[in-house]
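Sharing a structure with you now.
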Amino acid sequence: GAVVSQHPSRVICKSGTSVKIECRSLDFQATTMFWYRQFPKQSLMLMATSNEGSKATYEQGVEKDKFLINHASLTLSTLTVTSAHPEDSSFYICSARAPTGQGRETQYFGPGTRLLVL
Amino acid sequence: SQQGEEDPQALSIQEGENATMNCSYKTSINNLQWYRQNSGRGLVHLILIRSNEREKHSGRLRVTLDTSKKSSSLLITASRAADTASYFCATDLLSQKLVFGTGTRLLVSP
């Protein structure tokens, strides 16, 4: 099946710094990727939809200036957490929709990035 | 919030027993999907059931969907210790966004 990777898998940073997380579709092109956040023992909450070549669409309550999303190519989307604070510590997961066809309904998820802001 | 709810929140069973998890959602959907997540890891897609389907099987998994009640269930038969994980339903909305349920933590003891 389709593979999605994320980098880094884990990051620890100081409060006030910015952190960039990459999401790559390794063996297919993804015009649409999604970014989720998951707090401990909770479900995934959609943050934004990343569209290749255009602006991301953010969910209500998600600050677009704090969580910058760039989808510069059909295989790469990046999420930058700007001026990170301890409350931004979370598990960030990206996903990409399968290529066109019947399997398009399936989203393939990356392994996640655990962010800890000190 | 559009988020679906799952019950039970946690389920503890013995190997060999069946595990049933239920999911309720709020809006019209294209399809409903079930995912599995091992602790601190990414999600694994288990099964997808479309809005015009009522039941689907995949190996030891059986999923039902009742669109009139906006609910779905996941049955894992003959459970194994390796099935221990969190299970999430996710509804694929008409807007093509996935909305996840609250999840069920399953513990299967040897």
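Labels below follow one simple rule: chain letters A, B, ... track the order of the sequence lines, proteins then strands, and each chain is numbered from 1. All values below come from the heavy atoms of this structure, side chains included, with hydrogens, waters and symmetry mates left out.
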Query raised in the report: Is there a chain of hydrophobic side chains (I, L, V, M, F, W, Y, each step under 4.5 Å between heavy atoms) that links A/Tyr36 to A/Ile21?
Result: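 In one cluster with A/Tyr36: A/Ile21, no.
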
Query raised in the report: For A/Glu59 and B/Lys97, which heavy atoms make the closest approach, and how far apart are they?
Result: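 Taking every non-hydrogen atom into account, OE2-NZ, 2.9 Å.
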
Requested in this report: Spell out, yes or no, whether A/Leu68 and A/Val19 are grouped together once hydrophobic residues are joined by side-chain heavy atoms under 4.5 Å, including indirect joins.
Outcome: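 Unlinked, A/Leu68 and A/Val19 end up in two clusters.
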
Requested in this report: Under 4.5 Å heavy-atom distance to chain B, tell me which part of A/Ile93 shows up: side chain, backbone, both or neither.
Outcome: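 Just its side chain gets close to chain B.
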
Report task. Kindly indicate whether the side chain of A/Gln107, heavy atoms from C-beta on, has any atom under 4.5 Å from the side chain of B/Tyr35. Result ->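 Answer yes - side chains close enough.
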
Query raised in the report: In terms of heavy-atom proximity below 4.5 Å to chain B, should A/Gln6 be classed as side chain, backbone, both, or neither?
Result: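 Contact with chain B: none, neither part.
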
Query raised in the report: Would you say B/Arg60 has more than 12 foreign heavy atoms packed within less than 6.0 Å of its CZ?
Result: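 Count over threshold, so yes.
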
Query raised in the report: Taking the side chain from A/Ser43 and the backbone from B/Gly101, do they hold a donor-acceptor pair closer than 3.5 Å?
Result: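 Side chain of A/Ser43 to backbone of B/Gly101, a donor-acceptor pair under 3.5 Å: yes, one is there.
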
Query raised in the report: Quick one: NE2 on B/His45 to OG on A/Ser95, what's the gap to the nearest 0.5 Å?
Result: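 Answer for the NE2-OG pair, B/His45 versus A/Ser95, is 11.5 Å.
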
Requested in this report: Measure B/Gln37 against the heavy atoms of chain A and call it side chain, backbone, both or neither at under 4.5 Å.
Outcome: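 The answer is the side chain of B/Gln37.
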
Query raised in the report: If Ile, Leu, Val, Met, Phe, Trp and Tyr residues are connected whenever their side-chain heavy atoms lie under 4.5 Å apart, and connections chain through other members, are A/Met47 and A/Phe91 in the same group?
Result: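 Looking at the clustering, A/Phe91 is in a separate group from A/Met47.
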
Query raised in the report: Does atom CD of B/Glu5 have more than 12 heavy-atom neighbours, drawn from other residues, nucleotides or ligands, at distances under 6.0 Å?
Result: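 Atom CD in B/Glu5 is not packed in, count stays at 12 or less.
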
Requested in this report: Flag yes if more than 12 heavy atoms outside A/Lys66 fall under 6.0 Å of its NZ atom; otherwise flag no.
Outcome: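 Atom NZ in A/Lys66 is crowded, with more than 12 foreign heavy atoms closer than 6.0 Å.
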
Requested in this report: For A/Gln38 and B/Phe88, work out which heavy atoms get closest and say how close.
Outcome: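 Reported closest heavy-atom pair: NE2-CZ, 3.8 Å.
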
Query raised in the report: Hey, are the side chains of A/Phe109 and B/Leu98 touching, using non-hydrogen atoms and a 4.5 Å cut-off?
Result: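 The answer is yes, as the side chains (C-beta and beyond) meet within the 4.5 Å cut-off.
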
**Report entry** Transitive ILVMFWY side-chain link A/Tyr58 to A/Tyr92, under 4.5 Å
**Finding:**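 In one cluster: yes.
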
